Amino acid sequence: MEYQYDLFVIGAGSGGVRASRVAASKGFKVGVAEAQALGGTCVNIGCVPKKLFVYGSEFSHVTEQAKGYGWSFEKPTLDWATLRDNKTKEIERLNGIYKNLLENPGVTIHQGYGELVDANTVKVGEELITAERILIAVGAKPFVPEFSGNDLVLVSDDMFFLEKLPKSILVVGGGYIAVEFAGICNGLGVETTLMYRGDKLLRGFDEDVRDFASNEYARAGVNVELNSDVEKIEAKDGQKQVTLKDGRILMFDEVLYATGRVPNTSSLNLDAVGIETAKNGAIIVNDRYQSSVNSVYAIGDVTDRVQLTPVAIKEAMALIGYWFDGIEPNFDYDNIPTAVFSQPPIGTVGLSEQEADKRGYDIDVYQTDFRAMKHTLSGAQERTFMKLVVDRSTDKVLGAHMVGDYAGEIIQGLGIAIKAGATKAHFDSTVGVHPTSAEEFVTFSAGSLKKR
């Protein structure tokens with residue numbers, strides 16, 4: 001059968017764009033469907049605008065911290081509209097870049113939602129499009145649980161377009177999106193409460209990181225409420241009246257639900273085509289990113305493996321390598337460096353102490369926390385935490401974890417070292433960059449060993 005395209009991609013986010021443009025540059029005839037702005041969640045309502053908001057919110061701390069260095073300023077004020085609109089202009093610029101990335105190698109862009117009709121046919125609007133291969137890269141969407149008044153809450157998508165900043169906000173959730181927006185709101189001068197139903201934030205992270213970060217969020221001014229959950233929300237006098245399951249009643253201008261993201265598969269017509277999915281709608285794929293229908297593939301958040309933009313991009317390249325060069329995908333999902341852009345930020349790569357124990361490693365754990373040199377004069381009480389997990393039998397560093405300024409930047413370099421199989425001896429023999437916080441990672445001694 002002759003098809004209109006060699007490859008048709010549903011979703012022009014980071015993974016979909018990378019797969020589309022590289023496949024087209026290698027000779028495939030490629031089409032892509034996107035109903036919203038090019039670049040997907042990360043560029044438009046995720047990583048990029050969120051990081052810009054983090055930068056914007058950090059300036060509020062400068063006034064106080066600069067006094068110890070001899071600077072004085074008038075009390076700072078925020079023009080929310082300027083931050084919001086400048087962010088939007090930058091995102092529009094990036095949308096144009098993504099358009100060029102697709103069109104320059106010859107990818108045809110179809111504006112609209114893509115829906116599967118059969119194993120080789122996609123419907124976009126009223127148009128039926130055929131392709132030898134179909135790649136689904138539609139990402140994920142915010143999840144809000146069912147409860148009375150859940151229609152009154154905001155989700156992360158909404159935070160980038162608020163008409164005005166609220167004076168107070170309740171952020172519900174314990175994951176990275178929740179702690180990031182709690183830091184943003186707090187830094188922008190919003191009275192912020194972060195509420196999570198469990199006893200610790202940041203499930204899945206190293207336990208010491210979870211404890212330390214939670215304490216630092218509270219130190220920074222966020223009201224952290226653990227073991228608390230919402231029963232119902234009602235609109236009252238222009239605010240949100242929040243009734244908790246323990247009977248307390250609290251009032252906020254806005255409530256943000258950051259309770260996770262689920263694969264965005266509900267409108268793809270997967271069942272009718274016979275594509276197997278998990279309970280949460282994630283497309284189940286094999287090691288070659290192939291679904292239960294041989295001609296249909298999926299990468300990125302829609303498969304719910306690791307919901308990170310660089311992972312989707314690497315999966316796209318692994319798939320292209322398999323299609324064009326016969327290279328079997330061999331993605332290492334263990335040693336993925338990642339950062340949480342909370343305040344303070346978190347950087348982590350490799351195994352946590354708990355995961356290393358679970359896998360049966362006999363480990364040494366080196367860790368420290370300290371007040372960074374900058375704050376000896378700034379007067380700020382915030383502290384930095386660092387940790388290495390080391391396999392005793394091989395001396396190999398299994399994991400590195402940090403909470404503190406520049407954690408994301410520092411952990412990227414450590415990610416290379418751990419990916420390359422660096423040992424504790426390699427770390428010890430490396431000359432530290434002095435004076436920096438990062439040098440602590442290469443100066444851990446026996447005195448830093450954690451008692452386990």
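Just so it is clear, the model here is predicted, and its values are computed rather than measured. Heavy atoms only: backbone and side chains are in, while hydrogens, waters and symmetry mates are out.
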Side-chain donor/acceptor of S60 to backbone N/O of G187, under 3.5 Å: yes

To the nearest 0.5 Å, atom SG of C185 lies from atom CG of L194 at 10.5 Å

Are E90 and K87 within salt-bridge range, i.e. N to O under 4.0 Å? no

Spacing of CE belonging to M402 relative to CG belonging to L388, to within rounding of 0.5 Å: 12.0 Å

Using only atom types and a distance under 3.5 Å, with no angle test, would you say the side chain of E115 pairs donor to acceptor with the backbone of S267? no

Flag the pair F160 / F181 as yes when their ring centroid distance falls below 6.0 Å, and as no otherwise. yes

What do you reckon, are the aromatic ring centroids of Y257 and F147 less than 6.0 Å apart? yes

Over-ring placement of K67 relative to F73, 6.0 Å and 45° cut-offs: no

Are F53 and Y55 near enough that their ring centres are under 6.0 Å apart? no

Check: T384 main-chain N/O paired with D369 side-chain donor or acceptor under 3.5 Å: no

May I ask you to decide if S168's main-chain N or O and D253's side chain share a donor-acceptor pair within less than 3.5 Å? yes

Between the side chain of S214 and the main-chain N/O of L201, is any donor-acceptor distance below 3.5 Å? no

Examine distances only and state if a side-chain atom of D391 and a backbone atom of D395 form a donor-acceptor pair shorter than 3.5 Å. no

Among V17, L102, L135, which residue satisfies the side-chain contact (heavy atoms from CB on, under 4.5 Å) criterion with V9? L135

Check: D301 side chain, D304 main-chain N or O, donor-acceptor pair, under 3.5 Å: no

State whether F341 and K51 meet the cation-pi test: NZ (Lys) or CZ (Arg) under 6.0 Å from the six-membered ring centroid, and within 45° of the perpendicular axis. yes

Looking at E440 and S437, would you say the former's side chain and the latter's main chain have a donor-acceptor pair under 3.5 Å? no

For N95, look at atom CG and say whether over 12 heavy atoms of other residues, nucleotides or ligands are found less than 6.0 Å away. yes

R84 side chain vs F161 backbone, donor-acceptor pair below 3.5 Å: no

So which of Y366, F212, F205 actually passes ring-ring contact (aromatic ring centres under 6.0 Å, His included) with F385? F212

Counting distance only, does the side-chain N/O of Y361 pair as donor-acceptor with the main-chain N or O of V389 below 3.5 Å? no

